[in-house]
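We're numbering straight along the sequence, starting at 1.
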Amino acid sequence: MALKPCRLDGVAAQTLCGTLEVFEDRAAAKGRKLSLRVVVVPALASQPKADPLFFLAGGPGQAASRTRILPALERIRRQRDIVFVDQRGTGDSHPLDCDALNPSRVSLAERFADRDDADVLPRCRKGWDADERLYTTSIAMDDLDDVRAALGYGQVNLWGVSYGTRAALVYMRQHPERVRTAILDGVAPMGQYLPLYAARDGQRALDLLLEACAKDAVCATAYPDLRARTEALLARLEASPAKVRLPHPRTGVTEDFVLTRHVFLSELFSLLYSPEVASLVPLMLDRAAKDDWTSFVALSLGLTDEVARTTSRGMFLAVVCAEDAPFFTEADAEREAKGTWFGPRMALEVKKACARWPGSTVPKAFREPVVSAIPTLLLSGELDPVTPPAWGEEAKRTLSRSLHVVVPGLGHNTVGADCARSLMAEVLTRGGVEGLSPDCGKGLKRPPFFTSFAGPVP
């Protein structure tokens, strides 16, 4: 594969970019071709190791080349190339983008509309020159192996984050001889069906947050009875959506919009991914309970741009409609969400949208656990709302040479902890997990809660 010097947005390091063409229909080996975007960040060493680190992004639908995680990999980059491949359907690899599913710079009324993906999906599909049945993880991991071969690497090390951990597991099963080590951060094992367990796992993270606030003297004083007041707020929104009028945080123009309980909870769920962002949630809940939506809107918009910049929403559906939705029922969604504030709607909406999706297939036994002796480091954030530590334990059961490390005080993705980055570098240096300490972040805890927009109490 020919690589040329290029620059990535937000990345200071010199990078090399190229493309690799693959058949959209790999089985037929004919017809439309897709051009996969490949980015290589060369190792700093004059004689680098032969096995690079391949990054597998989350989502599903996130473009690897648009993430800004390179600074976290400096220790690894000293000896090894870092490789980013936009999985088919993402980034610059024939993306299944759809603004209607992923609104960014729109009015507040559009941004917080209580819409159903299934209703806007036909508009999105008209804009895609693609056979959506062929954008599955199994097919993409064969693409990835083509990239590996085209770049001349015999073996690679994998680092998967969130959905990228599923992708890594599938690659480990389909091409085991090509994997030297694997790092799974925010583990989504084959037994986790997206988004069947989101309500349950999100409620756990929210409960942990509310409990932490209640136990913290400063937070409890600033925001008394926060759980009860949040429940009352949700009841009010259920009975009657809020009619909100406030200046758009970016334009300053006053706008009106309606906020439903479902949309409020969906945004709240997203705010729990990062403990730093979540440190503002008690303040936001307190203001919202007083019918002040300013902080809620500002926090929500802060997350929107990054998602829109990096993620193709259509690709999310391409994966979950093939690999997740067929494997759970509406009754399963009701059961798993029972007793949660979030409820079953996230899972039910996916079922509804996927009912209109063209029939995709996955390999037989795709949902069976991945059994492997490849050295694997599993990392989980204690406070993760979507891939909490229990999922890491599940994956570990069939990975015979693995180590699962839970980092306290962290949410989705642990690379923010220096000890996690050290463990990642150690696994690659040793080529295994034997002898590594499972302790990471001892003494770490969630960031202090904001008691005003100036920050936490010093």
Please round to the nearest 0.5 Å and tell me the distance separating atom [atom1] of [X] and atom [atom2] of [Y].
X	Y	atom1	atom2	answer
Leu108	Leu301	CG	CG	6.0 Å
Leu410	Leu379	CG	CG	10.0 Å
Leu121	Lys126	CG	NZ	11.5 Å
Leu208	Gln203	CG	CD	10.0 Å
Glu24	Glu132	CD	CD	8.5 Å
Asp143	Leu34	CG	CG	7.5 Å

Hey, mind stepping through Glu368 and Arg173 against salt bridge (Lys or Arg N to Asp or Glu O under 4.0 Å) and telling me if it holds? CA-CA 11 Å; Glu368 293 297 315; Arg173 179 156 60 193; over 6 Å; no
Are the side chain of [X] and the backbone N or O of [Y] linked by a donor-acceptor pair below 3.5 Å?
X	Y	answer
Thr67	Ala64	yes
His404	Glu394	no
Gln174	Ser138	yes
Trp128	Pro95	no
Glu382	Gly409	yes
Arg7	Thr15	no
Gln87	Gly61	no
Arg446	Leu383	no
Arg80	Ala50	no
Arg37	Val85	no

Evaluation steps, side chain to side chain donor-acceptor pair (under 3.5 Å), between Gln192 and Thr387: CA-CA 9 Å; Gln192 187 197 41; Thr387 53; over 6 Å; no
Residues which pass ring pair (Phe, Tyr, Trp, His ring centres under 6.0 Å) with His412, listed by chain and number, not counting sequence neighbours: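 Ring pair (Phe, Tyr, Trp, His ring centres under 6.0 Å) check on His412 returns Tyr273.
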Salt bridge between [X] and [Y], side-chain N to carboxylate O under 4.0 Å?
X	Y	result
Arg88	Asp142	no
Arg66	Asp86	no
Glu434	Arg401	yes
Arg148	Asp145	yes

Identify the heavy atoms of [X] and [Y] that sit nearest to each other, and give their distance.
X	Y	value
Ala199	Gly343	CB-O, 3.3 Å
Leu272	Gly202	CD1-O, 3.8 Å
Gly89	Met315	O-CB, 3.5 Å
Thr165	Ala188	OG1-N, 2.8 Å
Met424	Val415	SD-CG2, 4.3 Å
Glu255	Ala109	OE1-N, 4.3 Å

Tell me, do [X] and [Y] make a side-chain contact under 4.5 Å, heavy atoms counted?
X	Y	answer
Leu299	Glu267	no
Lys396	Val187	no
Leu53	Phe55	no
Pro60	Leu194	yes
Leu56	Leu158	yes
Leu280	Ser295	no
Arg26	Asp146	yes
Leu3	Leu151	yes

Given Ser360 and Tyr135, is the side chain to side chain donor-acceptor pair (under 3.5 Å) satisfied, shown in steps? CA-CA 9 Å; Ser360 304; Tyr135 289 71; over 6 Å; no
Should Asp131 and Arg32 be marked as a salt bridge (Lys or Arg N to Asp or Glu O under 4.0 Å) after you check the CA-CA gap, both sets of side-chain angles, and the distance that decides it? CA-CA 9 Å; Asp131 183 342; Arg32 181 165 39 220; 5.9 Å; no
In terms of heavy-atom contacts, does CZ of Arg367 have more than 12 from other residues, nucleotides or ligands at under 6.0 Å? yes
Does the pair Arg421 and Ile76 meet the rule for a side-chain contact (heavy atoms from CB on, under 4.5 Å), with working shown? CA-CA 9 Å; Arg421 296 194 295 273; Ile76 294 173; over 6 Å; no
Kindly state each residue pair satisfying salt bridge (charged side-chain N to carboxylate O under 4.0 Å, His left out) with at least one member in residues 340-365, sequence neighbours excluded. Asp114-Arg345, Asp116-Lys352, Asp119-Arg356, Arg345-Glu349
Go through Leu378 and Leu399 one step at a time and tell me if the side-chain contact (heavy atoms from CB on, under 4.5 Å) criterion holds. CA-CA 10 Å; Leu378 304 111; Leu399 301 174; 4.1 Å; yes
Do [X] and [Y] have side-chain N/O donor and acceptor atoms under 3.5 Å apart?
X	Y	value
Arg200	Thr340	no
Ser107	Glu110	yes
Tyr193	Glu336	no
Asp201	Trp391	yes

Give the intermediate values and the outcome of side-chain contact (heavy atoms from CB on, under 4.5 Å) for residues Gln62 and Tyr163. CA-CA 9 Å; Gln62 189 179 44; Tyr163 159 75; over 6 Å; no
Taking side-chain hydrogen bond (donor to acceptor under 3.5 Å, both in side chains) as the criterion, tell me which of Asn157, Thr376, Asp51 meets it with Thr181.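 Exactly one option meets the side-chain hydrogen bond (donor to acceptor under 3.5 Å, both in side chains) with Thr181, and it is Asn157.
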With a cut-off of under 6.0 Å to the ring centre and 45° to the axis, is Arg313 in cation-pi contact with Phe316? yes
Look at the rings of Phe296 and Phe264 and say which category their plane angle falls in: under 30° parallel, 30 to 60° tilted, over 60° perpendicular.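 Correct class here is tilted.
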For Trp159 and Ile82, what are the C-alpha separation, side-chain angles and deciding distance, and is it a side-chain contact (heavy atoms from CB on, under 4.5 Å)? CA-CA 10 Å; Trp159 176 34; Ile82 311 294; over 6 Å; no
When you look at Asp81 and Tyr153, which way does the side chain to side chain donor-acceptor pair (under 3.5 Å) test go after all the steps? CA-CA 10 Å; Asp81 297 344; Tyr153 299 120; 2.8 Å; yes
